[in-house]
Asks: 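Take a look at this one; I'll ask things after.
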Amino acid sequence: MRAAPTILHLDMDAFYASVEQASKPSLRGKAVIVGGLGPRGVVATASYEARRFGVHSAMPMGQARRLCPNGAYLIPRFTLYRQVSDIVMAMLRELSPLVEPLSLDEAFVDLEAGGVAFDSVSARAAGERLRAGIRAATGLSGSVGLAGSKMLAKVASEEAKPAGLLLIEPGTERELLAPMSVRTLPGVGPATGEHLRRAGITTVGELAEAGEDELVRMVGRAHGAGLYRMALGLDDRPVVAERDAKSVSVEDTFDVDLHDRVRIRGEVQRLADRCVQRLRASGHSGRTIVLKVRRYDFSTLTRSETLRGPTDDPAVVREAAARLLEAVDTTGGVRLLGVGVTGLADYTQEDLFAQSSAAEAADADGGAGGVGGAAGAAGGAEPEAAGGGAGPSEGPEQPGVPQESPERRWAAGSDVRHVLYGPGWVQGSGVGRVTVRFEQPGSEPGRVRTFRVDDPDLEPSDPLPLVGDMP
């Protein structure tokens, strides 16, 4: 614990949904739900307007639609979210060299290490400058917590939501925590919370009064001792800059189980390509290729293959993933596929034999890349659209459009551009038609027009910047 509140926790408010509202003027002040739009989809983020109806993250999308039938349901646009996140994280690194990102929209900052704060007054001033800077650069709001420890800073930012700042003065921790629910503390989930409730402990103050020995008896030594320290507001964890990535992976949950072996191979190849894109974006290569298959009965199989050296070659990863798939029985159907790379390194050591094999396959197939010929099936309107389920770190994503379908698919929320009407976004599609609202960040709510799904004047587009010249 520090004697001054120089640990800052930033949490952007309803991040995905707020980005969508900022980029789509007609949705400002309205219920917006971002996530998988299929029957197996889940909510990634809900705007505060949608939360009033009881919608929250990780809720099945079908339940969300019943609670909030008039909300705007959109796919996540991770390309834009990462761009906004990069701007925010760069602002944090201007405050201190010790920035610990927890996700795209959340991070700890050691203000003392950056020399910008040594007491409550300077810490509060730094937090207010940060909030104002984020608003000016992105148009979005973030909540800031300031305290002498990471745990308390996170508690403070949660209490400050939305769009606020809360500073916990050292020495007032127990008084502040006492009336709060035990679920406020990190590591107290539904099961532990219910176990404590049955013992008559519902607040942090009651947790502290129970004593360490009683908590150890109730939930075990490691967890009980940790709970007691947190109830007293004690946390000595340092801010750790830039955690090293241990793996890179992508996965898709499908609205309908896949049975066609050719389609399954094509999806694996597409996932391998996307995985390599993320691998390269992180500046890494990897040695072990991992395939994940969740079958119709929810049984999940993983297969892996370790190469002779780390690689970031998409042909090598595609070929390894294809070999792994051959060892998996998909007869009953597949509901989820994933491809990952582990054993990360910051250099490459290409597997020349694997490259040669892939090249030979491509030549034999007229340049289609053998089983990799379907790798581009997801191109077009939905490069990172929302599907039936959530990925482990970056939210839900959608399977690509089947190769055999000649009709383009337009996911709600995706960016488009029309030759005559300019930039817009898809409100919905069906029965051979797609409805587009033509507006952009900073404009007035735009007009809605409907086109044929194969209209040659309508094309997928990259997201527009929220403010000014955002990259």
Side-chain angles (χ1 to χ4, degrees), residues 35-44 57-64 75-76 246-279 286 288-307 314 316-343 369-378 382-405 409 411:
L37 304 186
R40 294 172 177 170
V42 296
V43 175
S57 299
M59 172 181 286
M61 193 60 79
Q63 182 180 355
I75 62 164
K246 296 182 179 179
S247 65
V248 174
S249 63
V250 295
E251 62 182 46
D252 280 343
T253 300
F254 303 99
D255 294 342
V256 178
D257 290 349
L258 304 185
H259 294 83
D260 185 344
R261 187 73 175 183
V262 174
R263 169 77 189 283
I264 294 171
R265 283 200 300 266
E267 294 294 341
V268 168
Q269 301 302 289
R270 183 179 62 81
L271 288 166
D273 282 347
R274 286 210 341 250
C275 184
V276 170
Q277 289 175 3
R278 292 187 183 177
L279 189 68
T288 301
I289 314 303
V290 180
L291 175 71
K292 177 180 178 181
V293 180
R294 180 166 297 150
R295 299 188 290 190
Y296 69 99
D297 58 357
F298 287 89
S299 61
T300 302
L301 305 176
T302 57
R303 299 289 185 267
S304 64
E305 175 180 319
T306 299
L307 308 175
V316 175
V317 177
R318 283 198 301 266
E319 186 168 281
R323 287 194 297 269
L324 294 171
L325 179 63
E326 293 305 315
V328 177
D329 179 12
T330 61
T331 305
V334 170
R335 62 183 288 119
L336 177 147
L337 290 169
V339 173
V341 178
T342 65
V371 294
E382 304 173 44
E384 288 191 285
S393 60
E394 297 194 54
E397 300 183 17
Q398 171 148 343
V401 180
Q403 260 194 323
E404 63 271 20
S405 173
R409 293 175 58 190

Asks: Atom CG in L258, atom CZ in R265: separation rounded to 0.5 Å?
Replies: 13.0 Å
Asks: Does any non-hydrogen side-chain atom of E251 lie less than 4.5 Å from one of L337?
Replies: no
Asks: Mind listing the closest non-hydrogen atom pair of T288 and S304 along with its distance?
Replies: CG2-CB, 4.0 Å
Asks: For A44 versus S57, what's the shortest heavy-atom pair and its separation?
Replies: O-OG, 3.1 Å
Asks: Rounded to the nearest 0.5 Å, what separation is found between the CG atom of L324 and the NZ atom of K292?
Replies: 15.0 Å
Asks: Identify the two heavy atoms, one from V250 and one from L271, that lie closest to each other, and give their separation to 0.1 Å.
Replies: CG2-O, 3.3 Å
Asks: Can you name the closest pair of heavy atoms from G38 and D255 and give their distance?
Replies: CA-OD1, 3.3 Å
Asks: Could you point out which residue of V339, D252, L279 forms a side-chain contact (heavy atoms from CB on, under 4.5 Å) with R274?
Replies: D252
Asks: Quick check for you: to the nearest 0.5 Å, what is the distance between R318 atom CZ and C275 atom SG?
Replies: 12.5 Å
Asks: With side-chain contact (heavy atoms from CB on, under 4.5 Å) as the criterion, how do V43 and M61 come out once you've worked through the C-alpha distance, each side chain's angles and the decisive distance to 0.1 Å?
Replies: CA-CA 6 Å; V43 175; M61 193 60 79; 4.1 Å; yes
Asks: What closest approach, in Å, do Y296 and D257 show between heavy atoms, and which atom pair accounts for it?
Replies: CB-OD2, 3.5 Å
Asks: Do E326 and R323 sit within salt-bridge range, that is, some charged N less than 4.0 Å from a carboxylate O?
Replies: no
Asks: Just so I know, are the side chains of V341 and R278 near enough to count as touching, which here means a heavy-atom distance under 4.5 Å?
Replies: no
Asks: Does H259 reach the main-chain N or O of G332 with its side chain, forming a donor-acceptor pair under 3.5 Å?
Replies: yes
Asks: Drop me the distance from I289's CD1 to T306's OG1, to the nearest 0.5 angstrom.
Replies: 8.5 Å
Asks: Contact between L325 and R303 at the side-chain level, heavy atoms closer than 4.5 Å - yes or no?
Replies: no
Asks: How close do A321 and L291 get, heavy atom to heavy atom, and via which atoms?
Replies: O-CD2, 4.2 Å
